[in-house]
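The structure appears below as structure tokens.
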4 protein chains.
Amino acid sequence: MAKDDKRERILDAALALFAERGFHGTAVPLVAKAAEVGAGTIYRYFESKERLVNELYRREKQRVVEHVLRALPTADSPRAQFHSFFRSIIGFALENRASFTFLEHHHHAPYLDTESRALEERTVMLALSFLAETARQRITKPVAPEVLMAVVWGAIVRLLKEIWDGHVSLDEATLDQAEDVLWEAVRL
Amino acid sequence: MAKDDKRERILDAALALFAERGFHGTAVPLVAKAAEVGAGTIYRYFESKERLVNELYRREKQRVVEHVLRALPTADSPRAQFHSFFRSIIGFALENRASFTFLEHHHHAPYLDTESRALEERTVMLALSFLAETARQRITKPVAPEVLMAVVWGAIVRLLKEIWDGHVSLDEATLDQAEDVLWEAVRL
Amino acid sequence: MAKDDKRERILDAALALFAERGFHGTAVPLVAKAAEVGAGTIYRYFESKERLVNELYRREKQRVVEHVLRALPTADSPRAQFHSFFRSIIGFALENRASFTFLEHHHHAPYLDTESRALEERTVMLALSFLAETARQRITKPVAPEVLMAVVWGAIVRLLKEIWDGHVSLDEATLDQAEDVLWEAVRL
Amino acid sequence: MAKDDKRERILDAALALFAERGFHGTAVPLVAKAAEVGAGTIYRYFESKERLVNELYRREKQRVVEHVLRALPTADSPRAQFHSFFRSIIGFALENRASFTFLEHHHHAPYLDTESRALEERTVMLALSFLAETARQRITKPVAPEVLMAVVWGAIVRLLKEIWDGHVSLDEATLDQAEDVLWEAVRL
DNA sequence: TATGAATGAGCTTTCATTCAT
DNA sequence: TATGAATGAAAGCTCATTCAT
């Protein structure tokens, strides 16, 4: 499986570099060097730098989604599912900083193609239907699910940035507080 | 005032382009063309591309802060001040989409200099002391102000993106709902 | 005489800068700033940067020649005249380092025009005829005057460089020695 | 040896152009064109234009030194060694006009780095110790070797210029005369 | 299949020259 | 007459992409 190995190594190297220096700030030969492959090799696996960033975006997006869904106790209460979701996201981000940073940084980047955008859309849908259902059950507020989503997701993203900047301490108590704050925001 | 005129035109052009395509994605000649000046002219007003982005960052940051502070009813209740803050930010962003997008996109960019970072710090402090004081008065939650800040600010940023993407409708009712959701998140 | 004043100031500024940084290394606006005139003003007095360097070359060349000729005891012995010449050149160079350096550095520069080259030629002629005459008188060697000229002039130029570099000490004894060495080289 | 081939072609092209037009007067794309390589290729072999000129300076300096030393009859009389030195230099210069002109033109250029300067220093030392030793043996004049060096070297440089300008004819007799003139200058 | 040397378009920046004032 | 802001061509340099090996 030498081939896939190489492909993954390129994606891994690109992930770290794009997260740290951005898409335009990262030269393809640099990715090649970090992946320990020849510069030309990248073009055997990816048509162009844009294709590379798109395939990477999809891979990482899928990884987060799977990470969250795998842990989700779909049979439990909405509150319990919210807890799981919150902790999954935080957990994933802390263990995969580059991945999370990369995804946030490239959200809606002009070089993302239709497929990447569609995947993003589908991901959002999962959360939206959850919030639509809990609203119907009068558990969460009778507010457009998109609004609640924006609040929860936006808050989490910012929270993580503050944690990484050292402005918010990373401990169980703080995480529980943050989770409660967000639940209070959305619950009826 | 031909001189200021040109300087402002460059900053305005850079604002629109940096917001849309990012710093590295925007070539200086492109800014020049948009500002309808020669490429060399930009360097009469700004030492380098990095200086340009920094001066732009400061100009825009100051504009938002002033916009918010000017309207803030400091003598009124914290709830009233929160309302003013929320509406000021939303109002500013909607009328200055490029400015808001640019500031968000360049938050903590590696090419921001000490002065720009210091200004950012001072801005954040304003919000943090407000939340620290209301917490002391047992109006907002006894949670680190940085956490509440992250929630409120992160939520607002995301909300605006969703509005611009057309996923959240822009009407008084929705805005009031969003504001209430956030206030419930932070209030005791 | 405000006009000539300005012209001279431009030439003076250009002399110092061209000597220090070379022709291509000196920007016209820099000359303007050093001369305390507007950049456009230079073009009122000189058609182009090349014209400026040519007129400067001529002015400085004439200055050295006049300096040397003024002191030359044409009625005295060739040896005395040689002494005067040697000391005049050294004296001029030490008091006008920029001028001397500039002239040496621009000797045969591709942007020197016909007039500048012709002046150079005429200058050389003065020395050549002196050496031709002394050769005829069997005072200096029966060698092509161009060869003796090359030796004397080349040696002096190099000597001055070594003095300015601090490799050769600048005192009467050393100067006398150097002069004797050169006279022995040319004398029969 | 495709690699060395290209590197050498770049150095050769740069040598000709720098000798003719100077460092600042020669654009990198011009060197590329003359070397028949792409402009970017130059930067695969040389970090910067300054690095290129330094590596070129060292290559050429070493070539002259080796050329001279290889022929030097170290066991013979000082006069014989002087003869060898004189003819070696003249021979090298005539066969490598660009190299000689380049080295003279870039002597002490502000963009030469420490290594280049050190090499220059070492080169000069060789000549200085020769003159110091012959002075001790009362063969050359009891004059600072730096002065004699300046005379000999300056004279040779100038002589070559005059030869190339066609002012001094290039024949055995003339060369012998010039050599004698210089030996008389330095000998006791 | 994999490479990395080579490329040239395009980047940021400089500067000789012009021209409205 | 004198200015200096403005310019755009061209500088040094980078990098996405190709292609001979």
Side-chain angles (χ1 to χ4, degrees), chain A residues 2-3 6-7 10 23-33 35-53, chain B residues 2-3 5-7 10 23-33 35-52, chain C residues 2-3 6-7 10 23-33 35-53, chain D residues 2-3 5-7 10 23-33 35-52:
Chain A
K3 195 190 156 201
K6 225 158 239 180
R7 196 173 196 280
I10 293 167
F23 177 68
H24 289 301
T26 305
V28 172
L30 193 67
V31 175
K33 209 187 147 198
E36 294 181 301
V37 301
T41 305
I42 290 184
Y43 288 84
R44 297 200 63 75
Y45 293 97
F46 306 95
E47 208 172 56
S48 68
K49 196 188 180 189
E50 299 216 346
R51 265 309 273 278
L52 167 60
V53 80
Chain B
K3 196 194 155 196
D5 185 35
K6 219 154 246 181
R7 197 174 195 280
I10 293 167
F23 177 68
H24 289 303
T26 306
V28 172
L30 195 67
V31 175
K33 210 187 145 197
E36 292 181 300
V37 301
T41 303
I42 289 182
Y43 289 85
R44 290 195 59 73
Y45 292 96
F46 306 96
E47 212 172 52
S48 66
K49 198 189 178 188
E50 297 216 347
R51 262 311 268 280
L52 168 59
Chain C
K3 195 190 155 199
K6 224 157 244 182
R7 196 173 196 281
I10 292 166
F23 177 68
H24 290 300
T26 305
V28 173
L30 193 67
V31 176
K33 209 188 147 196
E36 294 180 303
V37 302
T41 304
I42 289 183
Y43 288 84
R44 297 200 64 77
Y45 292 97
F46 306 95
E47 210 173 54
S48 67
K49 197 188 179 189
E50 299 216 346
R51 267 307 274 277
L52 168 59
V53 80
Chain D
K3 197 192 154 197
D5 184 35
K6 218 154 247 180
R7 195 174 196 281
I10 293 167
F23 177 68
H24 289 303
T26 305
V28 172
L30 195 67
V31 176
K33 210 186 144 196
E36 292 181 303
V37 300
T41 302
I42 290 183
Y43 290 88
R44 290 195 59 75
Y45 293 95
F46 306 96
E47 210 172 54
S48 66
K49 197 187 178 190
E50 298 215 347
R51 262 310 267 280
L52 168 59

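So you know, we letter chains A, B, ... as the sequences are listed, proteins then strands, and number each from 1.
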Nucleotide F/dT3, atom C1' - distance to CD of C/Glu36 in whole Å: 15 Å

Below 3.5 Å is the cut-off: list the nitrogen or oxygen pairs between protein and nucleotides 16-19 of chain F, distance only.
residue, atom, partner, partner atom, Å
F/dA16, OP1, A/Thr26, O, 3.4
F/dA16, OP1, A/Lys49, NZ, 3.0
F/dA16, OP2, A/Val28, N, 2.3
F/dT17, OP2, A/Tyr43, OH, 2.9
F/dT17, OP2, A/Lys49, N, 3.0

Pairing residues for A/Tyr43 by the ring pair (Phe, Tyr, Trp, His ring centres under 6.0 Å) criterion, not counting sequence neighbours: none

With D/Ala39 via side chain to side chain contact (heavy atoms under 4.5 Å, CB included) - residues at least two apart: D/Ala32

Watson-Crick or G-U pairs under 3.5 Å in DNA chain E, rendered as dot-bracket with [ ] for crossing pairs and | for another strand: .||||||||||||||||||||

Length of the CZ-P vector between B/Arg7 and F/dA5, whole Å: 14 Å

Integer-rounded Å distance: F/dA5 P and B/Ile10 CD1: 13 Å

Heavy-atom closest pair, residues D/Ile42 and D/Leu52: CG2-CD2, 4.4 Å

Distance in angstrom units between B/Arg51 CZ and E/dT13 C1', rounded: 16 Å

C/Tyr45 side chain near F/dA2 phosphate (N/O to OP1/OP2, under 4.0 Å): yes

Partners meeting side chain to side chain contact (heavy atoms under 4.5 Å, CB included) with B/Glu50 (sequence neighbours left out): B/Phe23, B/Ser48, B/Tyr111

For atom CZ of A/Arg44 and atom P of E/dT1, their distance in whole Å: 5 Å

Listed once per pair and sorted, the salt bridge (charged side-chain N to carboxylate O under 4.0 Å, His left out) pairs that draw on residues 40-49 of chain D, sequence neighbours left out: D/Glu47-D/Arg51

Rounded distance in Å - NZ (C/Lys33) to P (E/dA16): 15 Å

Between C1' of E/dT1 and CD1 of A/Ile42, the distance in whole Å: 15 Å

Closest contact, heavy atoms only, B/Thr26 versus B/Val31: CG2-CG2, 3.7 Å

Side-chain N,O (B/Lys6) to OP1/OP2 (F/dA5) below 4.0 Å: no

